[in-house]
Amino acid sequence: MAEGETTGPLLLERNGAVLLIGLNRVAKRNALNDETIAALDDCFSSLPSDVRSIVLHGLGPHFSAGLDLGDIAERDVHEGVLHSRSWHSCFEKIEFGPVPVVAALQGAVVGGGLELAAAAHVRVAEKSAFYALPEGQRGIFVGGGGSVRVPRLIGVARMADMMLTGRTYGAAEGVGIGFSQYLVEEGEGLPKALALARTMVGNAELTNFAVIQALPRIADADPRIGYLMESLMASIASGSTEAKSRVRAFLDKRAGKVSHKD
Ligand code: 1HE
């Protein structure tokens with residue numbers, strides 16, 4: 001995968017162990033057509049083994065205008081189900097892939113674009129970012145896993161309000177209610193997302209794995225199962241050579257302390 005390689009609707013770039021995946025249909029506001037979903041699926045299905053984290057972003061002024069509405073017109077009910085399932089399969093690879101994914105958001109993060117962003121693990125929003133679920137206006141429904149993932153971020157009531165009334169949220173409100181974890185100035189979304197992704201590269205791989213694979217499943221599980229899963233994951237992680245050497249480094253005063261600055 002060469003630096004700056006464009007694979008159909010995606011722009012793929014490398015920054016060390018970070019893979020940057022850019023939605024690259026600027027003229028269509030990065031609307032997600034079948035080709036884009038297939039390219040994302042392909043990309044997340046065949047990640048090079050030296051990729052340790054991913055930044056997902058959209059070129060141009062908008063992250064994504066959601067489903068390419070040009071694609072929907074000719075689809076019958078059965079084809080519609082299969083189409084939705086193809087998004088599920090693709091976004092599942094993003095959420096439950098081998099490495100953490102940071103999404104950098106600006107402008108429209110709407111419909112299927114919001115569903116895609118919700119499959120990432122961390123979201124960084126520039127001040128221009130806004131969130132909408134215009135499916136109600138279009139006479140359709142979310143089909144890219146939004147009814148599962150979006151309520152986890154903002155709750156069922158807020159999602160229902162957005163879909164029933166067309167309510168939108170801006171970036172500042174969005175960080176308050178859980179759409180993004182970070183809010184940055186215009187133009188700073190991609191650099192911030194890259195900086196976060198590089199920090200993740202510095203984590204133990206097994207800890208990143210546990211956060212991606214175990215944490216959301218534990219959070220969804222019956223607490224009795226969840227506590228057991230947590231104990232198992234914790235003992236697997238802390239028993240690793242990597243954990244032992246990191247803890248030893250701290251005890252020997254060779255590792256950084258935890259600090260906080262506002
Ligand atoms: C599109 C799409 C699209 C733009 N499908 N072509 N999503 C929506 O309902 C959002 C629809 N889009 C918009 O509201 C606006 O385009 C934006 C707010 C995102 C951007 O506005 P703007 O003024 O920057 O761009 P534009 O002039 O509206 O769009 C530029 C071109 O992109 C134009 O095409 P052109 O041939 O006239 O140049 C638009 O038609 C085209 N375009 N958005 C197709 N979405 C798995 S289910 C998920 C369900 C959903 O995602 S529903 C939400 C769909």
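Note: hydrogens, waters and symmetry copies are ignored here, and every other heavy atom, side chains too, is used. Order of listing sets the numbers, starting from 1, for every ligand and every atom in it. Since the structure is predicted, the reported quantities are computational estimates derived from the model, not experimental observations.
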Starting from [atom], locate the nearest protein heavy atom and write down its residue, its atom name and how far away it is, to 0.1 Å.
atom                    : answer
atom 47 (S) of ligand 1 : Gly143 N, 3.4 Å
atom 54 (C) of ligand 1 : Ala65 O, 3.6 Å
atom 24 (O) of ligand 1 : Arg29 NE, 2.8 Å
atom 49 (C) of ligand 1 : Glu135 OE2, 3.2 Å
atom 53 (C) of ligand 1 : Pro134 CG, 3.6 Å
atom 20 (C) of ligand 1 : His62 NE2, 3.6 Å
atom 5 (N) of ligand 1  : Leu69 N, 2.9 Å
atom 40 (O) of ligand 1 : Lys28 NZ, 4.8 Å

- Does the ring of Phe96 carry Arg217 above it, NZ/CZ under 6.0 angstrom from centre and within 45° of its axis? yes
Can you find a pair of side-chain heavy atoms, one from [X] and one from [Y], that are under 4.5 Å apart?
X      : Y      : result
Asp220 : Arg152 : yes
His83  : Asp34  : yes
Glu126 : Leu190 : no
Leu67  : Arg138 : no
Pro100 : Val211 : no
Trp87  : Leu116 : no
Glu13  : Leu11  : yes
Leu19  : Cys43  : yes

Could you check whether [atom] has a protein contact, counting only heavy atoms that fall below 4.0 angstrom?
atom                    : answer
atom 51 (O) of ligand 1 : yes
atom 8 (C) of ligand 1  : yes
atom 37 (O) of ligand 1 : no
atom 33 (C) of ligand 1 : no
atom 28 (O) of ligand 1 : no
atom 15 (C) of ligand 1 : no

- Message: I want to confirm something. Looking only at heavy atoms, which of Phe130, Trp87, Phe63 is nearest to atom 46 (C) of ligand 1?
- Response: Trp87
- Query: Which one of Val109, Leu67, Val26 has a non-hydrogen atom at the shortest distance from atom 45 (N) of ligand 1?
  - Reply: Leu67
- Item | Closest contact, heavy atoms only, Ala132 versus Leu114 | O-CD2, 4.1 Å
- Task: Please report the shortest heavy-atom distance between Met159 and Ile154, naming the atom on each side.
- Result: N-CD1, 3.8 Å
- Task: Could you tell me whether Glu115 and Arg149 have a side-chain N and a carboxylate O separated by less than 4.0 Å?
- Result: no
Just let me know how [X] lines up against ligand 1, side chain, backbone, both or neither, with a heavy-atom cut-off below 4.0 Å.
X      : answer
Ile140 : side chain
Glu115 : side chain
Ala27  : backbone
His83  : neither

At less than 4.0 angstrom from any non-hydrogen atom of [X], what atoms of ligand 1 do you find?
X      : result
Ala108 : 19 (C)
Gly144 : 46 (C)
Gly112 : 48 (C), 50 (C), 51 (O)
Gly66  : 51 (O)

- Parallel under 30°, tilted from 30 to 60°, perpendicular over 60°: which one fits the rings of Phe179 and Tyr131? parallel
- Task: Consider only side-chain N and O atoms of Asn208 and Arg52, and report whether a donor and an acceptor are under 3.5 Å apart.
- Result: no
- Say whether Asn33 and Asp71, considering side chains only, have a donor N or O and an acceptor N or O under 3.5 Å apart. no
- Query: Going by distance only, is there an N or O of Phe141 that falls short of 3.5 Å from an N or O of ligand 1?
  - Reply: no
